[in-house]
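What follows is a set of notes on a single structure, which appears directly below.
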Amino acid sequence: MSHRGWTRPLGATGIRVSALGLGTVKLGRNQGVRYPRHFDIPNDRAARGLLAKARDLGINLLDTAPAYGTSEARLGDLLKDNRQDWVLCTKVGEEFHDGQSHFDFSPAHTRASIERSLQRLGTDVIDIALVHSNGDDLTILEEAGTLDTLRGLQQKGLIRAIGMSAKTVAGGLAAAPLCDVLMVSYNANDHSQLPVLEACRDNGTGVMVKKALDSGHLANGDVGSALRDALGQTAVDSLVIGTISTTNLAANVTAVRELTG
Ligand SMILES: NC(=O)c1ccc[n+]([C@@H]2O[C@H](COP(=O)([O-])OP(=O)(O)OC[C@H]3O[C@@H](n4cnc5c(N)ncnc54)[C@H](OP(=O)(O)O)[C@@H]3O)[C@@H](O)[C@H]2O)c1
């Protein structure tokens with residue numbers, strides 16, 4: 001059993017997160033996604049039920065993004081009465097319109113995107129804001145000024161923690177010392193980001209894992225062992241798993257609680 005428990009610090013951010021978070025792509029977008037099967041976006045009743053179940057199970061971390069279709073706006077609506085119970089993570093840089101992603105990492109777009117996320121989410125402060133990389137991590141870090149803009153917004157009190165959802169190992173290694181939090185891919189089919197996890201551990205950078213089930217491509221195998229393997233990495237604070245199934249959500253919580261108590 002891990003000594004870190006079910007709720008734990010997210011790096012040095014001062015934010016405490018549950019070891020399992022909920023990814024909300026599937027609440028807002030079903031086009032241009034790499035899940036193994038088509039799905040229908042849940043209606044409000046089902047989405048409300050999913051969030052209530054997540055909260056009852058002790059999950060406090062929700063991950064969204066402007067690129068996840070209606071996800072941010074729906075969360076704002078659905079969380080109106082209990083915003084304070086949640087740690088909300090959103091992103092900047094990727095937009096998704098008419099079935100296509102578009103990217104803009106400029107300071108002006110970053111500021112406008114955060115303003116819009118605050119409005120959509122119905123909140124005065126975003127707990128975690130990440131750069132939503134297009135894969136060209138080093139150019140974003142070295143030339144775009146996105147992280148500096150997020151730092152400025154953090155200093156104004158609009159964001160509590162900043163970071164990046166990088167895609168490359170080189171990008172993750174460069175981002176780890178500059179960020180409060182990284183979102184990192186890790187699953188049984190892809191251990192390539194292990195050096196990034198080490199860099200996060202060495203820098204005290206918080207880590208949220210994305211794609212722990214390889215976007216559902218691992219889900220027919222042993223889901224429990226995949227989750228325990230990912231959370232067993234010492235740098236990892238939380239696994240953000242995407243699901244719209246309350247049954248799968250509960251099974252994931254059971255598997256993770258076997259490790260965290
Ligand atoms: N660039 C980025 O920043 C980025 C990229 C990708 C993802 N993310 C974030 O990370 C989150 C997770 O990534 P992901 O959604 O791509 O992949 P994932 O969490 O690895 O897999 C999600 C898929 O696994 C299925 N699943 C979940 N639990 C299951 C269980 N117990 N048994 C069987 N199937 C199960 C879900 O289907 P059901 O709905 O049927 O349960 C869903 O289709 C996303 O939601 C998003 O928040 C960020």
Side-chain angles (χ1 to χ4, degrees), residues 17 20-30 32-42 46-47 49-51 53-54 57 59 61-69 71-72 74-75 86-96 101 103 105 128-137 140 146 163-168 171-172 175 179 181-190 193 196 207-231 236 238-258:
V17 291
L20 194 67
L22 179 62
T24 65
V25 180
K26 293 176 91 172
L27 288 186
R29 167 173 158 189
N30 62 2
V33 285
R34 56 180 293 273
Y35 297 111
R37 282 172 297 282
H38 177 77
F39 60 92
D40 292 325
I41 293 174
L50 181 74
L51 293 171
K53 179 83 172 179
L57 290 167
I59 289 173
L61 173 63
L62 297 177
D63 179 62
T64 183
Y68 299 168
S71 169
E72 275 190 323
R74 295 194 78 192
L75 287 180
W86 300 96
V87 173
L88 298 181
C89 175
T90 192
K91 312 197 184 70
V92 297
E94 180 174 351
E95 300 286 322
F96 187 79
S101 285
F103 296 92
F105 299 101
I128 308 163
L130 306 178
V131 179
H132 206 167
S133 176
N134 59 358
D136 205 355
D137 299 336
I140 298 168
T146 325
M164 185 161 185
S165 182
K167 293 206 171 165
T168 63
C179 290
V181 183
L182 288 194
M183 182 169 244
V184 181
S185 290
Y186 179 90
N187 61 60
N189 293 338
D190 179 12
Q193 301 281 327
V196 177
V207 175
M208 300 183 294
V209 163
K210 61 187 173 190
K211 305 184 190 175
L213 300 178
D214 196 10
S215 298
H217 296 274
L218 277 187
N220 291 330
D222 185 352
V223 170
S225 74
L227 299 185
R228 286 189 293 271
D229 173 34
L231 202 63
V236 172
S238 185
L239 308 181
V240 174
I241 306 288
T243 182
I244 49 175
S245 153
T246 51
T247 308
N248 287 347
L249 184 72
N252 296 344
V253 169
T254 301
V256 168
R257 282 200 186 266
E258 275 175 30

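Numbering of ligands and ligand atoms starts at 1, following listing order. Quick caveat: nothing in here was measured; it's all calculated off a predicted structure.
- Every atom of ligand 1 with a heavy atom of Ser245 under 4.0 Å away is listed here by number and element: 41 (O).
- Of all heavy-atom pairs between Ala166 and Gly172, the closest is CB-N, 4.1 Å.
- Every atom of ligand 1 is numbered from 1 in the order shown, and the set under 4.0 Å from a heavy atom of Asp214 is 20 (O).
- When atom types are taken as modelled, the side chain of Thr24 and the backbone of Asp63 share a donor-acceptor pair closer than 3.5 angstrom.
- Near Lys210, with a cut-off below 4.0 Å to any heavy atom, the atoms of ligand 1 are 1 (N), 2 (C), 4 (C), 5 (C), 8 (N), 10 (O), 48 (C).
- Between Leu61 and Ser238, the shortest heavy-atom distance links the atoms CD2-OG, 3.4 Å.
- Although no hydrogens or angles enter the test, the distance criterion places no donor-acceptor pair under 3.5 Å between the side chain of Lys211 and the main chain of Tyr186.
- Nearest-heavy-atom check against atom 17 (O) of ligand 1 across Gly23, Ser215, Gly93 picks out Ser215.
- For atom 43 (O) of ligand 1, the candidate residues are Lys26, Lys167, Met164, Met208; the nearest heavy-atom contact is made by Lys26.
- Checking only distances, Val223 never comes within under 3.5 Å of ligand 1, N or O to N or O.
- When the options Lys211, Arg29, His217 are ranked by their closest heavy atom to atom 6 (C) of ligand 1, first place goes to Lys211.
- Side chain of Arg74 to backbone of Leu27: a donor-acceptor contact under 3.5 angstrom is found.
- Considering backbone and side-chain N/O of Gly242, one or more are found under 3.5 Å from N/O of ligand 1.
- Residue-to-ligand polar distances place Leu213 within reach of ligand 1: an N/O pair is separated by less than 3.5 Å.
- Evaluated by nearest non-hydrogen atom to atom 30 (C) of ligand 1, the leading choice among Asn248, Leu22, Thr246 is Asn248.
- Judged by distance alone, the side chain of Ser71 and the main-chain N or O of Thr64 form no donor-acceptor pair under 3.5 Å.
- With hydrogens and angles disregarded, a donor-acceptor distance shorter than 3.5 Å links the side chain of Asn252 to the backbone of Asn248.
- The ligand atoms of ligand 1 that sit less than 4.0 angstrom from a heavy atom of Ala212 are 20 (O).
- Residue contacts with ligand 1: Phe39 is excluded, as none of its non-hydrogen atoms falls under 4.0 Å.
- The ligand atoms of ligand 1 that sit less than 4.0 angstrom from a heavy atom of Ser165 are 1 (N), 2 (C), 3 (O).
- With a 4.5 Å cut-off on side-chain heavy atoms, Asn187 and Leu213 do not count as touching.
- Below 4.0 Å from some heavy atom of Lys91 lie the following atoms of ligand 1, by number and element: 3 (O).
- Taking every non-hydrogen atom of Asp63 and a distance limit under 4.0 Å, the qualifying atoms of ligand 1 come out as 9 (C), 46 (C), 47 (O).
- Side-chain contact of Ser165 with Lys91: a donor-acceptor pair under 3.5 Å is absent, judged by distance alone.
- Not a single N or O atom of Ile241, backbone or side chain, sits closer than 3.5 Å to an N or O atom of ligand 1.
- The residue from Pro42, Gly216, Gly224 that puts a heavy atom closest to atom 21 (O) of ligand 1 is Gly216.
- Taking every heavy atom of His132 and a limit of under 4.0 angstrom, the matching atoms of ligand 1 come to 1 (N), 2 (C), 3 (O).
- At distances below 3.5 Å, at least one donor-acceptor pair connects side-chain atoms of Gln193 with backbone N or O atoms of Lys167.
- Of the possible polar contacts, none joining the Asp214 side chain to the His217 backbone as a donor-acceptor pair under 3.5 Å is found.
- No donor-acceptor distance shorter than 3.5 angstrom exists from the side chain of Asn30 to the backbone of Asp40, with no hydrogens or angles considered.
- Using a 4.0 Å cut-off between heavy atoms, Arg37 makes no contact with ligand 1 at all.
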